[in-house]
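Please read the structure below before turning to the comments.
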Amino acid sequence: MNQLYDFKIIEKKWQKEWLENRIFEVDEDEGKDKFYCLEMFPYPSGKIHMGHVRNYAIGDVIARYKRMKGYKVLHPMGWDAFGLPAENAAIKHGVHPAKWTYDNIEYMKKQLIRLGLSYDWRREVTTCSPDYYRWNQWIFLKLYEKGLAYRKASFVNWCPSCATVLANEQVIDGLCWRCESQVEQKELEQWFLKITAYAEELLRSCDKLNGWPEKVLTMQRNWIGKSEGVEVDFPIVGMNESLRIFTTRPDTIFGVTFMCISAEHPLSEKLCEDKESLRRIRQLQREPDIKEGIFTGKYAINPLNEERIPIWIANFVLMEYGTGAIMSVPAHDQRDFEFALKYKIPLKVVIKPQDKELVEPLQEAYEGDGVMVNSGEFSGLSSTEGKRAVADFIEKKGIGRKTVNYRLRDWGISRQRYWGTPIPIIYCDKCGIVPVPEKDLPVLLPENVNLTGKGESPLKYVDEFYNTKCPTCQSPARRETDTMDTFVDSSWYFIRYCSLNKEEAFHREKIKYWMPVDQYIGGIEHAVLHLLYARFFTKVLRDLNIVSFDEPFERLLTQGMVCMESYKCPDHEWLFPKEVEEGKCIYCGKAVHIGRVEKMSKSKKNIIDPDEMIESYGTDTVRVFTLFAAPPEKDLEWSSQGVEGAHRFLKRVYALVYKNHKWLRDTALISPHEPIQEVQTSSILNLIHRTIKRVTLDIEKEYQFNTAIARLMEFVNEIYSYEPKTETERKAFKFAIRNFLILLSPFAPHIAEELWRAIGEEGYILNEPWPSYDEELAREHTVELVVQINGKVRSKIMIPQGMTDEQIKNIALDDEKIKSWLDGKEIIKVITVKGKLINIVVKE
RNA sequence: GCGAGAGUGGCGGAACGGCAGACGCGCUGGACUUAGAAUCCAGUGGGGAGACCCGUGAGGGUUCAAAUCCCUCCUCUCGCACCA
């Protein structure tokens, strides 16, 4: 055994051996319980970043722990390999996207192996390979057959920088999720997947996702945005037409004083003669904070009270939601109130709050519940009763119906870019839209293309791709040239991992054994993107009888961000941490401005390169630090001194074993039946059982790896003080070290493996069962009794474990310090807690 | 504006309603060194000579006992935000 902890040699050695001996490979075993541990696969952008390291370190601890607990653990990894950066790199540097991508994958795979992650690489999935994307196409065809994939012209989100369309989920605050450019509206014909057909189920089964963070579920529920209400037809005066509106507040229908329609509403042209103003309103569409409208000069009739209601066109009414037209109740809706105020439209109060009087003129709309007033026969009903009564009345009269609206829109998947899955559709002049027959899959992405990034699919100009024959009538036809959104790829990859066979993507028995994923780990940025799409696909695949479960991810852990302070030099802009020495810029010596701790990002250069860290300290240190510095779901602040601390800990572990390895090697383990005489033996056994217990509970309880590692540090600190002398003490010591190494191994697998062999153990530590603890031995022999008087600590006394309340009371009252505190005072009450605390309540 | 989460030493962070500050960083002292680095040992919330007192964003409350439960407020972070 080498005296020094040479992590480079150790880590390389074991990584090689683990791979060669294929110890991470796993197959089904019906006799054993399974555990599917999955981390979100990365986009092969070039290099792994610290966020990945954290994500995968967390997953690896869980996978290794569960495996040692006796589960068959599926722990796969792959590449989300289609996407824009590859194409942009190609345009910029002239490398083919495929080469760029596969080169990156090769490099990043090496990095993952260097991290000691326990993946079964036989299952590796690369979404840009035809083996994979042919199944995207196959699923698309199935969706098409079921009417769940359709083509439609509409206004879509267009990112000018990415030169492609984006789905609604991919627009964050009006900006592109990927590049943060301002998103525009463009009218295009596009392919959509009917996720709205599953809106209700996606919403309802949120309630069953007990293992998900409430925050993510809230975001999904908000995104789906269900609201129940009624649609009502308001006849238009002098026209043979009605204006259909949607409202969730039928109880306020007697308070309508105007109507508003969207400028994009089909009737807007017909109703509004002032085309100039109409165009102006269209320009102001979705402009926040501005309310603009024009009166059309036309009126509608409120079908409940026959009142004449002016019809307006307003910029704040959305065509995509409801019917694109609303009834406006300014007294009870703040938006309508502001609009009415601006255009001096009268208000009519029809809801009276229970607990206060509304003082007119109103200062703001009253949107709460109350009692209906000025509402004809409905007056006197509560809002809740009124909603139902008015809705029933409307249905009975045949002027409308109860409806449910969702904010969720269908998923637009067409992308005007090259590096994605071709949509398997052919356009024929005679037959129209013709799906590519299943037997002709995959529709291969041609390799020779001229990439421009100008907003049109380059496939259009690849003749041998574009020109084809109609599968139905054999006449010349054209292929669809848009490719699929890459979120399609990641919507089912977790199912693909289950089947090893290259030809068969959906091996039903294997899927049945492994799925659903027991623990999914990734960033919260996918709360409504990937996670919603994956849930949707799972339900679709279930309805296609490919899978038999409703939800893909049993438990979800959203890990926090990796953060760091940033540095900015007055002359040299943002600086990398290594460009700063003692608070000064290494180029000009000027003091740098230290920015707040925030997510590591290339633009602010507040990044730490995992490769450099591994080079200097080793993988085990990096893993231990990232797991120790914060609980997994919280943000982690990178600290170079913290890394040193983690490294110091591992060096201490190494030195501890080195110091004793010669005799440890030849010593047997203490048997559970061996009589314990020496105090030290009993202390060592108590220490290790205590440690096993606490580490196990910390991992089981919400994956508290930070405290688990703290326990391991405590173990090391304490065992340093023991000098085993007798044979029994040595056997106990060996037992302790051996089990400690198992406990350490999920966090720092390489050093654990190395030391495992150094103390004479055989086989791979990953194949060892997780140690169990003896409750009796884990208990402390003596307890520090805390004695309080009126809730304040007044004394601490060491007592044997297991005293009765009465004994404790006597000991406490007999204590000299306590006696002096109690002198001359009357004891009212004595409370003892679990044999370790006593509170004596006295009259002051 | 609405919703969720958070606020604890110099710092990262611990604490089933029961000893606030585990563990780590940093700092202080000591040992080993010619010296340093590394390592090891000890100490380290604030005040006070001391007995003790004060301390978990602020203020109230419940309780024998509150960082933890309840109410009001402040600050920060993250979602949502013309969805009728």
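Note that the structure is a prediction, hence the values are computed from the model and not measured. Values below: every heavy atom of this structure, side chains too, minus hydrogens, waters and symmetry copies.
Distance check on atom P: A66(B) versus U56(B) gives 11 Å, rounded to whole Å. Taking atom C1' on both nucleotides, A14(B) is separated from A20(B) by 10 Å, rounded to a whole Å. For the P atom pair drawn from U39(B) and C25(B), the interatomic distance equals 10 Å after rounding to whole Å. On the C1' atoms, A67(B) is 9 Å away from A15(B), given to the nearest whole Å. Nucleotides G48(B) and C54(B) have their P atoms positioned 16 Å apart, rounded to a whole Å. If you take atom P in A65(B) and the same atom in G43(B), they sit 34 Å apart, rounded to whole Å. Comparing G21(B) with G46(B), their C1' atoms sit 13 Å apart, to the nearest whole Å.
Sequence order on RNA chain B of the closest nucleotides to W821(A) and K634(A) puts K634(A) first from the 5' end. Nearer the 5' end of RNA chain B, as judged by each residue's closest nucleotide, is the contact made by N706(A), out of N706(A) and Y321(A).
Glycosidic conformation at G9(B) (O4'-C1'-N9-C4 for purines, O4'-C1'-N1-C2 for pyrimidines): syn, within 90° of 0.
The listed nucleotides are C64(B), C19(B), A84(B); the one nearest the side chain of V793(A) is C19(B). If you check C19(B), A22(B), C23(B) against the side chain of V786(A), the one that comes closest is C19(B). If you check G18(B), G13(B), C19(B) against the side chain of V833(A), the one that comes closest is G18(B). Checking A14(B), C19(B), G26(B) against every side-chain atom of Q641(A), the shortest atom distance belongs to G26(B). Of the candidates A84(B), C19(B), C41(B), C41(B) carries the atom nearest the R652(A) side chain, counting heavy atoms from C-beta on.
Among the protein residues, G645(A) comes within range of the sugar-phosphate backbone only, with heavy atoms under 4.0 Å from sugar or phosphate atoms but none that close to a base. Residue-level contact check: D336(A) touches neither bases nor backbone, having no heavy atom under 4.0 Å from any strand. Within the 4.0 angstrom heavy-atom criterion, no nucleotide atom of any strand lies near A630(A). Base engagement by I290(A) is indicated by at least one non-hydrogen atom pair under 4.0 Å involving a base atom. Base engagement by K291(A) is indicated by at least one non-hydrogen atom pair under 4.0 Å involving a base atom. R221(A) comes within 4.0 angstrom of no nucleic acid atom, judged by non-hydrogen atoms across all strands. Among the atoms of the strands shown, only primed sugar atoms or phosphate atoms (P, OP1, OP2) are found under 4.0 Å from some heavy atom of T248(A). In this structure, T247(A) reaches the sugar-phosphate backbone alone: every heavy-atom distance under 4.0 Å involves primed, P, OP1 or OP2 atoms, never a base. Residue contacts for E338(A): at a heavy-atom cut-off of 4.0 Å it reaches no nucleic acid atom on any strand shown. Residue contacts shown for V830(A) are absent, as no nucleic acid heavy atom lies under 4.0 Å away. Within the nucleic acid shown, Q704(A) comes within 4.0 Å of sugar-phosphate atoms alone, with no base atom in reach, counting heavy atoms only. Note on E214(A): nothing from the nucleic acid sits closer than 4.0 angstrom, heavy atoms only.
Within the model, atoms CD1 of I313(A) and CD of E264(A) stand 11.5 Å from one another, a figure rounded to the nearest 0.5 Å. Going from atom CG of N686(A) over to atom CD of E718(A) covers 7.5 Å, rounded to the nearest 0.5 Å. Between the CD atom in E633(A) and the CD1 atom in I58(A) there is a gap of 8.5 Å [rounded to 0.5 Å].
In terms of phosphate contacts, R694(A) brings no side-chain nitrogen or oxygen within less than 4.0 Å of OP1 or OP2 of A22(B). For the OP1/OP2 pair of A84(B) and a distance below 4.0 Å, the side-chain nitrogens and oxygens of S227(A) include at least one atom meeting the criterion. For the OP1/OP2 pair of G24(B) and a distance below 4.0 Å, the side-chain nitrogens and oxygens of R648(A) include no atom meeting the criterion. Remark: R794(A) is in phosphate contact with C53(B), judged by side-chain N or O atoms under 4.0 Å from OP1 or OP2. Proximity of R596(A) to the phosphate of C76(B): no side-chain N or O atom is located under 4.0 Å from OP1 or OP2. Regarding contacts with the backbone of G24(B), every side-chain N or O of R711(A) stays at 4.0 angstrom or more from both OP1 and OP2. In this model, the phosphate group of A84(B) is not approached by any side-chain N or O of R407(A) to a distance below 4.0 Å at OP1 or OP2. Here K792(A) does not reach the OP1 or OP2 of A20(B): none of its side-chain N or O atoms lies under 4.0 Å away.
In this structure, I709(A) places its CD1 atom 12 Å from P of A14(B), rounding to the nearest Å. Atom CD of E714(A) is separated from atom P of A15(B) by 12 Å (rounded to the nearest Å). In this structure, N717(A) atom CG and C40(B) atom P are separated by 9 Å, rounded to whole Å. Atoms CZ (F715(A)) and P (C23(B)) sit 15 Å apart, rounded to a whole Å. Taking atom CE of residue M564(A) and atom P of nucleotide G12(B), one finds them 15 Å apart after rounding to whole Å. Put simply, CE on M798(A) is 13 Å from C1' on C19(B), counting in whole angstrom units. At whole-Å resolution of the value, CD in E633(A) and P in G12(B) are 17 Å apart. Rounded to a whole Å, the CZ atom of F628(A) is 9 Å from the C1' atom of G12(B).
A donor-acceptor contact under 3.5 angstrom links the side-chain atoms of N839(A) to the base of C64(B). Taking 3.5 Å as the limit, the base of C64(B) and the side chain of K829(A) contain no donor-acceptor pair of atoms between them.
A ring-centre distance under 6.0 Å is found for H647(A) and F7(A). Between F258(A) and F339(A), a ring centre-to-centre spacing shorter than 6.0 Å is recorded. You'll find the ring centres of Y533(A) and H530(A) outside the 6.0 Å limit.
The cationic group of K291(A) does not satisfy the cation-pi geometry with Y343(A), failing either the under 6.0 Å distance to the six-membered ring centre or the 45° limit from the ring axis. A cation-pi arrangement is absent between R690(A) and Y773(A) under the rule of less than 6.0 angstrom and at most 45 degrees off the ring axis.
Here the side chains of D369(A) and I351(A) are not in contact, with every heavy-atom distance at 4.5 Å or above. Contact annotation: the side chain of I311(A) approaches that of I236(A) to within less than 4.5 Å [non-hydrogen atoms, C-beta and beyond]. Residues M259(A) and L243(A) meet the side-chain proximity criterion, which asks for heavy atoms closer than 4.5 Å.
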inquiry  = With side chain to side chain donor-acceptor pair (under 3.5 Å) as the criterion, how do Y321(A) and S227(A) come out once you've worked through the C-alpha distance, each side chain's angles and the decisive distance to 0.1 Å?
reply    = CA-CA 11 Å; Y321(A) 187 78; S227(A) 61; 2.6 Å; yes

query = Under a cut-off of 3.5 Å for both distances of each Watson-Crick or G-U pair, what dot-bracket string does RNA chain B give, using [ ] for crossing pairs and | for inter-strand pairs?
reply = (((((((..(((.....[....)))((((((.......))))))(((....)))..(((((..]....))))))))))))....

